[in-house]
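These notes concern the structure reproduced below.
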Amino acid sequence: MPAETVSPPASSPVGTPVIEFDAVRKVYPDGTVAVHELSLDVREHELLALVGPSGCGKSTTLRMANRLVEPTGGRILLEGTDVTHADPVALRRRIGYVIQNVGLFPHRTVGQNVGTVPRLLGWDKKRTAARTAELLALVGLDPDTYARRYPHELSGGERQRVGVARALATDPPVLLMDEPFGAVDPAGRRRLQAEFRRIQQEVGTTVMFVTHDIEEAVQLGDRVAVFSVGGHLEQLAEPLTVLAHPASDPVREFIGEGAPVRMLSLATVQREDLEPADRVVEPAPEPVTLGSTLTTAFEAIAALSSRATGRVPVVDDAGTVVGSLTAEGILAALRRTADAAQTADA
Ligand SMILES: Nc1ncnc2c1ncn2[C@@H]1O[C@H](COP(=O)(O)OP(=O)(O)OP(=O)(O)O)[C@@H](O)[C@H]1O
């Protein structure tokens, strides 16, 4: 993340395609067309969110990428190689997979769960244990406390974190996620989303992420693919473009009336929006930190309204005061987003 921004930039990935769907079609034996002539790519380090109403073919699409479902027609390439000819077991070791209820092994400890694939790959005990501890720490679970616990001794959110850690264990180039945070309560879900996004950007994993929740899709996705029933890809674009310029009636219907508010929730306060640090009164009470609390302008408003002073000191990771957040700063962030929505590619 660039140091001068307060939150992750809405990137426009131009990387090489890691997963490519080329005219892929899936018709189930009973004649249901789940996916209709789908062509799209997921680019290196990108998080692509697949979103749409129930039954529109999102999970089928995802599961074709690791051959849990065989396509009826077309080609799927992983890093340039046609996966329809790959050994499914070897393929799944290169592609992490996280689903809603995680599917942890109930009789194995958290540490054993996370270390499953490394052990299958023949890693020795020491290397597996070190990687397990590293991953548990990455997802915010203290290895000394959690590695020896069993799944039933965890909260739902903690289990999801273990699921993410397990999927990342061998550093797969690609992660497929199907409603991974669906079973978590709203507050925990928001925290998990933010933490997962931070980890994904830090590790650089390419992610294909299925959700039925447009809010989750626009918050997490670098790009968003909106599907309609019958497995049609209606629009593939950056979040702001989908919200500001829905490409068809099904997209408009799906994003609903909340689109303007969702658009503003994409507004991010940047360093340039802060008042200069020399105007901050020291010592700064309860500062907020660049890149964490101020994820969106909405959170900035919450930070501001909880202080009586009308300004909130902002510090960087090292604790140095870098500026002061005021209502004008938030307005500047909102204005920038509204301008970007007007000029976003239709
Ligand atoms: N094994 C199957 N046999 C027959 N039809 C299936 C099978 N699996 C899925 N379908 C059908 O294919 C279509 C797409 O299903 P899919 O699970 O991919 O949708 P989805 O968008 O992920 O839905 P949801 O959000 O409800 O999970 C649906 O009409 C579904 O009923």
Side-chain angles (χ1 to χ4, degrees), residues 19-42 47-76 78 83-84 88 91-92 95-103 156 159-160 163-164 167 174-186 189 192-193 196 206-221 223-237 239 242-243 246-256 258-259 262:
I19 309 176
E20 292 167 83
F21 281 69
D22 177 18
V24 173
R25 192 173 156 74
K26 176 64 189 180
V27 184
Y28 283 109
D30 67 357
T32 303
V33 179
V35 176
H36 175 87
E37 298 290 328
L38 174 65
S39 293
L40 60 72
D41 57 19
V42 192
L47 192 153
L48 179 71
L50 310 184
V51 71
S54 181
C56 68
K58 307 178 294 286
S59 296
T60 300
T61 300
L62 196 77
R63 291 157 66 90
M64 285 193 289
N66 64 0
R67 295 196 61 190
L68 286 171
V69 170
E70 295 295 337
T72 312
R75 289 187 321 153
I76 300 171
L78 175 69
V83 300
T84 44
L91 181 69
R92 281 173 217 146
I95 301 182
Y97 185 48
V98 185
I99 53 175
Q100 184 169 121
N101 285 313
V102 182
R159 275 198 290 273
Q160 290 300 137
V164 171
V174 175
L175 197 53
L176 306 177
M177 306 183 87
D178 196 342
E179 300 269 3
F181 310 132
V184 182
D185 67 87
R189 185 174 180 166
L192 269 178
Q193 287 168 347
F196 173 69
T206 303
V207 181
M208 208 171 176
F209 188 106
V210 163
T211 176
H212 64 272
D213 178 358
I214 183 69
E215 187 146 348
E216 183 165 74
V218 298
Q219 287 295 339
L220 285 181
R223 290 186 305 158
V224 177
V226 188
F227 287 70
S228 63
V229 173
H232 294 270
L233 175 61
E234 296 284 338
Q235 187 168 14
L236 174 59
V242 170
L243 293 176
S248 64
D249 285 341
V251 179
R252 205 165 292 120
E253 229 164 81
F254 184 70
I255 62 180
R262 291 201 184 96

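When a residue number appears, it is its place in the shown sequence, counting from 1. Both counts, for ligands and for their atoms, begin at 1 and track the order of listing.
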(message) As a test of reading the model: which residues have a non-hydrogen atom less than 4.0 Å away from ligand 1?
(response)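 Under the 4.0 Å cut-off, ligand 1 touches Tyr28, Asp30, Thr32, Ala34, Pro53, Ser54, Gly55, Cys56, Gly57, Lys58, Ser59, Thr60.
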(request) List the atom of Cys56, the atom of Lys58, and the distance in Å for their closest heavy-atom pair. (result)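 Between these two residues, the closest heavy atoms are SG-CG, 3.4 Å.
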(request) Provide the closest heavy-atom pair for Pro71 versus Val24 in the form atom of the first, atom of the second, distance. (result)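 Closest approach of Pro71 to Val24: CB-CG1, 4.0 Å.
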(message) Please check this pair: side chain of Gln235 against backbone of Ser248, looking for a donor-acceptor N/O pair closer than 3.5 Å.
(response) no
(message) Going by side chain to side chain contact (heavy atoms under 4.5 Å, CB included), Asn66 matches just one of Ile95, Leu78, Ile19. Which one?
(response)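 By the side chain to side chain contact (heavy atoms under 4.5 Å, CB included) criterion, Asn66 pairs with just one of Ile95, Leu78, Ile19: Ile95.
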(request) Count the heavy atoms belonging to other residues, nucleotides or ligands that lie under 6.0 Å from CZ of Arg75, then report whether that count exceeds 12. (result)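 No, not enclosed.
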(message) Within the 3.5 Å criterion, strictly below it, is a donor on Thr211 or Asp213 matched to an acceptor on the partner's side chain?
(response)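 Per modelled atom types, Thr211 and Asp213 side chains form no pair under 3.5 Å.
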